[in-house]
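Proteins come first, then strands; the chains are lettered A, B, ... in the order of their sequence lines, and each starts at number 1.
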2 protein chains.
Amino acid sequence: MTPRQRSPKQPRFRRQLPEERRQALILATIECLKRYGHDGLSVRTISAAAGVSVGLINHHFPNKDELIAAAYRYFNNELVGAMLAAVARAADSPRERLHAFLTASFSPPNLDADVLTVWVVFWGLYRHSRLIQRVHQETYEDYVRLVRGMLAELMTEARSKESRSNAARTPRADLRLAAIGFTALVDGLWLEWCLEPGTFRPAEAIALCEAWVGSLTRRTRGPALE
Amino acid sequence: MTPRQRSPKQPRFRRQLPEERRQALILATIECLKRYGHDGLSVRTISAAAGVSVGLINHHFPNKDELIAAAYRYFNNELVGAMLAAVARAADSPRERLHAFLTASFSPPNLDADVLTVWVVFWGLYRHSRLIQRVHQETYEDYVRLVRGMLAELMTEARSKESRSNAARTPRADLRLAAIGFTALVDGLWLEWCLEPGTFRPAEAIALCEAWVGSLTRRTRGPALE
DNA sequence: CATCTTGTTGTACGATCGTTCAATAACGTA
DNA sequence: TACGTTATTGAACGATCGTACAACAAGATG
C-alpha cells in the first residue's frame, strides 16, 4: 500500500539554477504552444507542463509576456541556427549550399504542423506586442542575410560562368527582388504543406524552389523582371 | 444641459430581424479582430463594437465559437467572391485574367496588415476547432478551382501556340505543381508585404508572379521540374 | 388602446485568467 | 550539525471570461 508515500529523505522538489529553470520553462511554453495552440499560453498550463507550481513563472520572469517573448526568441534562434548549420555543413558549391538549405527547410523538425501552430500564434501576437516585434527584428535579420548571401553567390557564379563580356550587368535590384521572391516561395510552400500535407511531397517543394532559382540564374535578368 | 436625456418617445433600442442582427454581429467580430487581434474575440468586446448588450450574442448564436465560425465563413466568401468578380470583370484573355487576379490580390482591401491579423487568428484556431476546419474546407475549394482554372488556360494556350507537333505533351503533373507553386508564391509575397510593407511595392510582387507564370509557359516543362 | 410575440437588456454565476506574497524547504556553506 | 540563502510552493486576490436567465420593451397585430 501507499506506494506514493514519500520516503523521508526524498525531497519534494529540486532546486535548479535560475538559468536552467528559465530554459525549462521556455521549452514547456513551446511544448504547450504545439499541443494546445493559443490556449496553451496560460501560466497554469505551462507550469503544469514544466512540472512546477504556478508562482514559479513570476519568480523567473517579470510577467507572462516576457516568458512568451523569451520563448519566441529561443524558437527563432533555433530555426536560424539550424539553417546556418545545415548550410555550413554542406560543401562549398553554391548549388549544394542552396540544396542543403532547402532540404533543411522541407524536412523535420521544421516541416511540422505543430511548428506551424507555434508560428501562427507568435504572428498573432506580433502586431500588438512591442516585445515580440523587437525579438523578431533582432533574430530575423540573420535569416534574411543568409538567404541573400546564398542567392548572391549563385547569381555572381552564374554571371561569371555565362559570359565574360557583360559580367557586371546583373543589377542590384535583381538580388533584392530575387531574395524576396525566393523567401516568399519557400515560406508559401512550407505553409501550404503544413496546412495540407497530402497535396505534395517535400521533394517536390525542393524541386520547385530549385527550378525557380535555376530560371533566375539561367538568363541574367531572370524571372524577376519580364 | 442634459443633452443626453432621452425624450419619452425615443426608443432605447431598435429591434432588428435576426438575419440583420446576425450579420451586424459578424461584421463587428471581424472589426474587433482587425483592431485587437485574438484579444478582440470576447463577447463583451464584440457586443460593445456592435452597440449591443452582452447577452444578445447567445440569443442569435448558440455560442461564441459558432459566431466566430460564421465570421470566418463570411470573411472567406468575401475574399473568394472578390477574386472571382475581378477575374470575371477582366477581358477573356488568359493573361489579362491572371493580371486582374494578381492586381486584386496585391491591392486594398486584401493587401492590408489588418487583414493579415484576421487571417492569422483564424489559422490559429484552425487546428483545434472542427467548426473552423469545416468552414475552411467548404469555402477554400472555390479559390483553388479558380487558380487551377486560370493556370490551365494559360498552359493550354501556350501549348497550342507554341508547336502543333507535340501538342499533348504537357503532363497533368505540371498543372498540379504549377498551381501549388503559384499559390505559394502569391501567398508568400502577400504575407511578406503585410509583415513588412516597406521592402517592396505591390507592382513588384505582381511582376514576380507574372514572371513565374511566364517562365512556366515559355518552355513546355517550365520551372516546375528541372 | 389592449394584447401578444420576441428581440433585447443586464445582472448573476462559476470558471479561469495573471499576479502577489507569506510560508516552506532544498542545499551550499561554515 | 547548524545556519543562511533563495528557489519553490500554494493559497489568495481581483479581473475577466462565456453562458444562463428573468425582466423588460419595441413593434406588429387585433
- Message: Counting only heavy atoms from other residues, nucleotides and ligands, does the tally under 6.0 Å from CZ of B/F61 exceed 12?
- Response: yes

- Item | A/Q16 CD to C/dG28 P, straight-line distance once rounded to whole Å | 13 Å

- Around atom CD of A/E20, are there more than 12 heavy atoms of other residues, nucleotides or ligands at under 6.0 Å? yes

- A/K64 NZ to C/dT20 C1', straight-line distance once rounded to whole Å: 17 Å

- Test ring-ring contact (aromatic ring centres under 6.0 Å, His included) applied to A/H136 and A/F122, A/Y126, A/F75, the passing residue: A/Y126

- Message: Quick check for you: among D/dG10, D/dT8, D/dT19, whose closest atom lies nearest to any side-chain atom of A/V54?
- Response: D/dG10

- Message: Using a heavy-atom cut-off of 4.0 Å across all strands, would you classify B/I46 as base, sugar-phosphate, or nothing?
- Response: nothing

Measure all distances between protein nitrogen or oxygen atoms and nitrogen or oxygen atoms of nucleotides 27-30 of chain D, and list the pairs falling under 3.5 Å.
none

- Atom CD of A/E19 to atom P of D/dT6: distance rounded to whole Å? 16 Å

- Query: Are any side-chain N or O atoms of B/R95 and backbone N or O atoms of B/E210, one a donor and one an acceptor, separated by less than 3.5 Å?
  - Reply: no

- Item | Phosphate-side-chain proximity, B/N58 and D/dT19, N/O vs OP1/OP2 below 4.0 Å | yes

- Nearest-nucleotide pick for A/P18, side chain only, options being D/dA7, C/dT19, C/dT11: D/dA7

- Note on the structure: The nucleotide from C/dT20, D/dG18, D/dT9 with an atom nearest the side chain of B/V43 is D/dG18

- Message: In this structure, how many angstroms lie between the P atom of D/dG18 and the CD atom of B/E66, rounded?
- Response: 15 Å

- Polar side-chain atom of B/R22 near backbone of B/H60 as donor-acceptor pair, under 3.5 Å: yes

- Task: Describe, in one word, how the ring planes of A/Y72 and A/W119 are oriented to each other, choosing from parallel (under 30°), tilted (30 to 60°) and perpendicular (over 60°).
- Result: perpendicular

- Item | Atom-to-atom span, CG of B/D39 to C1' of D/dT16 - whole angstrom | 12 Å

- A/N63 CG to C/dC17 P, in whole Å, measures 17 Å

- Message: Does a side-chain N or O of A/S53 approach OP1 or OP2 of D/dG10 to a distance below 4.0 Å, or not?
- Response: no

- Atom-pair distance (CD1 on B/I68; P on D/dC17), nearest Å: 13 Å

- Item | Nearest-neighbour nucleotide for the B/R44 side chain, D/dC17, D/dT8, C/dT8 considered | D/dC17

- Query: Can you tell me how far P of D/dT8 sits from CG of A/L56, to the nearest Å?
  - Reply: 5 Å

- Task: Output yes when at least one side-chain N/O atom of A/H59 is less than 4.0 Å from OP1 or OP2 of D/dA7, else no.
- Result: yes

